[in-house]
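Sequence lines set the chain letters: A, B, ... in the order given, protein chains first and strands last, and positions in each chain run from 1.
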Amino acid sequence: MLNGRSWLGFMHPSEASNIHHRSYLIFSFSHRSHAPFGCPEKVILLQKLHLFLYPAMLLCTIPRVGYCCRIGKTVRFLLSFSSSCALRAVEFAEESNTHDFNYAKLQSRMQNYAISGHFRKALETLNSMRNVPGKPTVYDYNALMYCHLKSRNVLLEVLVEVYVGMKRFGPAPNASTFNTLLNGMLSLGNLKDAFFIAKEMCGSGFVPSFSLLSKMLKKSLGVGSLDDSLGIFDLMLRLEYFPTEPTLNLLISMLIKAGRIRVAYSAFSVLWGKGYFCSVYSYNLILWALCKSGQICTALALFCLMKKKGVIQNVCSYSALICGFGREGLEEDLLHCLDVMQSDGCKPNVRTYTIIIKFLCDAGRFEEALEYFGRMEREGCDPDLITYNVILRELCHQDRVGEISELIQGNNMLVGQLFRDMYSQGLKPDVYTYGSLIGGLCREGKITIALQLRDQMLGNGLTPSITIYNTLLGAMFKIDKI
DNA sequence: CTCTGGCATC
């Protein structure tokens with residue numbers, strides 16, 4: 001391999017000039033954040049001023065025919081250019097050096113304008129580089145964008161305009177152009193433009209990085225724009241990029257919450273088809289959504305497919321199916337599922353049991369529900385507030401509650417015992433608990449006591465829900481007591 | 001990222 005010196009030695013002059021320009025650009029880029037005043041370059045310029053200014057003055061004061069053209073040019077140059085005397089003197093150097101110096105000056109001025117938020121002036125300066133052959137380059141455009149994005153008042157629309165101009169009239173945007181725009185738009189939170197640029201980037205034959213697209217997807221999900229997120233997800237898939245699991249789970253959860261279960265399932269399936277290994281957590285999200293929306297058959301198919309593919313089911317997967325069967329009124333399948341679950345070595349937990357108890361209650365099989373209630377306690381699985389609330393609700397639906405007014409005095413046997421158990425486990429009644437009791441009281445027409453419970457809730461720092469007020473109002477209308 | 005799931009009125 002050639003070292004730097006021999007490489008330069010073999011280089012064609014045109015390549016050498018390229019290198020020169022490039023290093024110049026790197027230089028100007030690396031100094032873009034520095035103030036232009038008081039830097040070492042200025043000292044050098046001042047020294048040059050003394051060397052060059054004297055002959056320049058001589059030329060101006062003692063005109064000589066042979067120099068007229070040059071002097072005329074110098075004067076025009078002086079008029080059109082900036083205030084630095086040092087730079088005026090450079091006019092005496094050979095033409096290409098003049099261009100270089102001129103160009104470098106324009107570059108730094110353009111960048112200073114852009115950084116300080118004077119976009120229009122920066123753009124004008126960029127356009128004035130056209131006087132220098134072959135300028136401005138794509139690097140100058142990129143610098144303009146980069147510096148403008150660093151300024152305080154960023155106008156993304158004008159950046160898009162500049163980009164569109166580059167595309168139409170040149171210089172053609174390069175990978176840096178797209179990355180600069182993408183990073184800027186992302187950090188400013190403008191996802192729509194960022195997505196547009198990402199698509200443009202792909203269309204121009206460049207590939208946006210995984211991390212940029214992943215960041216974009218996360219941001220998009222963070223602000224809740226589902227359609228944009230799906231677009232980014234789609235783009236990622238086309239590039240064979242797979243989102244990280246938390247991001248995928250967020251996308252799936254949000255789609256499900258928006259009721260777009262099919263779309264969530266498709267996203268999952270596409271990834272699966274591409275060989276992406278989805279964990280049980282992603283898969284359970286879909287499974288639950290299917291089971292809760294009455295699609296137990298699809299859920300079962302997914303469950304079997306995952307089992308076949310070797311995804312380890314967990315208690316949550318089985319609980320989903322149990323819930324799905326319960327919703328369809330398939331109690332026998334529900335109980336069978338519990339057996340399968342246990343034979344698979346999966347131990348039901350408090351949520352599994354609560355689901356079973358709830359659906360047995362709904363099916364009018366209260367005695368069996370109580371058996372499961374006992375069974376969970378025997379297995380060391382403590383019921384929680386939701387389990388108690390489910391049983392309490394059932395009691396309140398039945399006439400078994402008897403006089404709920406007695407409960408308030410602590411005399412009602414079953415409900416009273418339930419409350420004592422709850423309290424002994426450190427569980428305090430919540431809005432649902434009160435909702436069940438108030439509902440039961442209202443059904444019996446005991447609105448006065450129901451209202452007392454409402455007051456008790458408020459006293460315990462609980463805000464009665466809309467549901468509770470609906471219940472109370474409904475009961476009041478019914479007995480015409482309003 | 002250490003995640004996913006269970007309860008209420010008319």
Side-chain angles (χ1 to χ4, degrees), chain A residues 214 218 221-222 243-254 256-257 264 268 278-293 299 302-303 306 311-327 334 337-338 341 346-362 369 372-373 376 381-397 418 422 427 429-443 447 450 453-454 457 462-479:
Chain A
S214 179
K218 274 185 218 160
L221 289 168
T244 61
E245 206 193 308
T247 312
L248 174 67
N249 288 352
L250 191 58
L251 176 69
I252 292 178
S253 305
M254 286 176 67
I256 288 169
K257 275 186 195 119
F268 176 83
C278 296
S279 85
V280 70
Y281 300 107
S282 314
Y283 141 70
N284 278 347
L285 290 168
I286 312 266
L287 200 65
W288 265 102
L290 291 170
C291 289
K292 284 172 97 174
S293 62
L302 175 63
F303 181 87
M306 290 296 117
V311 173
I312 307 298
Q313 332 279 335
N314 65 14
V315 56
C316 190
S317 325
Y318 282 101
S319 300
L321 288 184
I322 288 174
C323 179
F325 285 125
R327 276 185 54 99
L334 181 152
C337 189
L338 177 68
M341 174 182 184
C346 217
K347 213 174 158 221
N349 64 17
V350 58
R351 289 185 161 111
T352 322
Y353 278 119
T354 306
I355 295 163
I356 295 168
I357 290 166
K358 178 204 151 68
F359 286 114
L360 286 175
C361 286
D362 287 353
Y372 279 97
F373 186 63
M376 68 187 284
C381 177
D382 287 335
D384 63 11
L385 189 56
I386 298 180
T387 322
Y388 281 111
N389 281 344
V390 166
I391 293 177
L392 192 68
R393 185 182 71 110
E394 181 56 26
L395 288 173
C396 292
H397 274 153
L418 212 61
M422 270 176 65
L427 301 171
D430 68 355
V431 180
Y432 290 93
T433 323
Y434 280 106
S436 297
L437 291 173
I438 290 171
L441 286 166
C442 284
R443 265 185 295 277
I447 293 170
L453 273 185
R454 195 268 322 249
M457 276 185 84
L462 291 169
T463 309
S465 59
I466 297 287
T467 307
I468 288 176
Y469 280 112
N470 284 344
T471 307
L472 285 165
L473 283 169
M476 284 167 160
F477 277 119
K478 214 171 177 177
I479 62 164

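For A/Arg393, a side-chain nitrogen or oxygen approaches OP1 or OP2 of B/dA8 to under 4.0 Å. Phosphate contact (OP1/OP2 of B/dC7, side-chain N/O of A/His397, threshold under 4.0 Å): absent.
Heavy atoms of A/Ser465 sit under 4.0 angstrom from at least one base atom. Counting non-hydrogen atoms under 4.0 angstrom, A/Ser282 reaches nothing in the nucleic acid. Using a 4.0 Å heavy-atom distance criterion, A/Ile468 is classed as making no nucleic acid contact. Note on A/Cys323: nothing from the nucleic acid sits closer than 4.0 angstrom, heavy atoms only. Using a 4.0 Å heavy-atom criterion, one finds that A/Arg327 contacts no nucleic acid atom at all.
Among B/dG5, B/dA8, B/dT9, the nucleotide with an atom closest to any side-chain atom of A/Tyr432 is B/dA8. Looking at the side chain of A/Ser319, the nearest of the listed nucleotides B/dC7, B/dG5, B/dT9 is B/dG5. With B/dC7, B/dG5, B/dC3 as the candidates, the nucleotide lying closest to the side chain of A/Asn349 is B/dG5. Considering only side-chain atoms of A/Thr354, the nucleotide from B/dC3, B/dG5, B/dG6 that sits closest is B/dG6. Here the nucleotide nearest the side chain of A/Cys316, chosen from B/dC1, B/dG5, B/dA8, is B/dG5. If you check B/dC7, B/dG6, B/dC1 against the side chain of A/Arg351, the one that comes closest is B/dG6. Comparing atom distances between the A/Val350 side chain and each of B/dG6, B/dT9, B/dG5 picks out B/dG6 as nearest. Looking at the side chain of A/Pro246, the nearest of the listed nucleotides B/dC1, B/dC7, B/dT9 is B/dC1. Residue A/Glu245 has its side chain nearest to B/dC3 when only B/dC7, B/dG5, B/dC3 are considered.
Residues A/Leu302 and A/Phe268 meet the side-chain proximity criterion, which asks for heavy atoms closer than 4.5 Å.
Computed from coordinates, the A/Tyr281 OH to B/dC1 C1' distance equals 10 Å when rounded to whole Å. A straight line from CG of A/Leu290 to P of B/dT4 spans 18 Å, rounded to a whole angstrom. Atom pair A/Leu395:CG and B/dA8:P shows a separation of 15 Å (rounding to whole Å applied). Rounded to an integer number of Å, the gap from A/Asn284 CG to B/dT2 C1' is 14 Å. To the nearest angstrom, P of B/dC7 lies 6 Å from NZ of A/Lys292. Taking atom CD1 on A/Ile357 and atom P on B/dG5, their separation rounds to 20 Å, with Å as the unit. At whole-Å resolution of the value, NZ in A/Lys218 and C1' in B/dC3 are 15 Å apart. Per the geometry, CG belonging to A/Leu321 stands 19 Å off P belonging to B/dT4, to the nearest Å.
Taking the six-membered ring where tryptophan is involved, the planes of A/Tyr353 and A/Tyr372 are tilted, since the angle between them lies from 30° to 60°.
The minimum heavy-atom distance between A/Arg454 and A/Leu472, with the atom names listed, is CG-CD1, 4.1 Å.
Judged by distance alone, with hydrogens and angles left aside, A/Ser317 brings no side-chain donor or acceptor close enough to the base of B/dG5 to form a pair under 3.5 Å. For B/dC10, the base has no donor-acceptor partner in the side chain of A/Asn470 [N/O atoms by modelled type, under 3.5 angstrom].
A donor-acceptor contact under 3.5 angstrom links the side chains of A/Asn349 and A/Thr352, judged on distance only.
Between A/Arg393 and A/Asp362, at least one side-chain nitrogen of the basic residue sits less than 4.0 Å from a carboxylate oxygen of the acidic one, meeting the salt-bridge criterion.
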Chi angles and distances behind the side chain to side chain donor-acceptor pair (under 3.5 Å) call for A/Asp384, A/Thr387: CA-CA 5 Å; A/Asp384 63 11; A/Thr387 322; 3.0 Å; yes

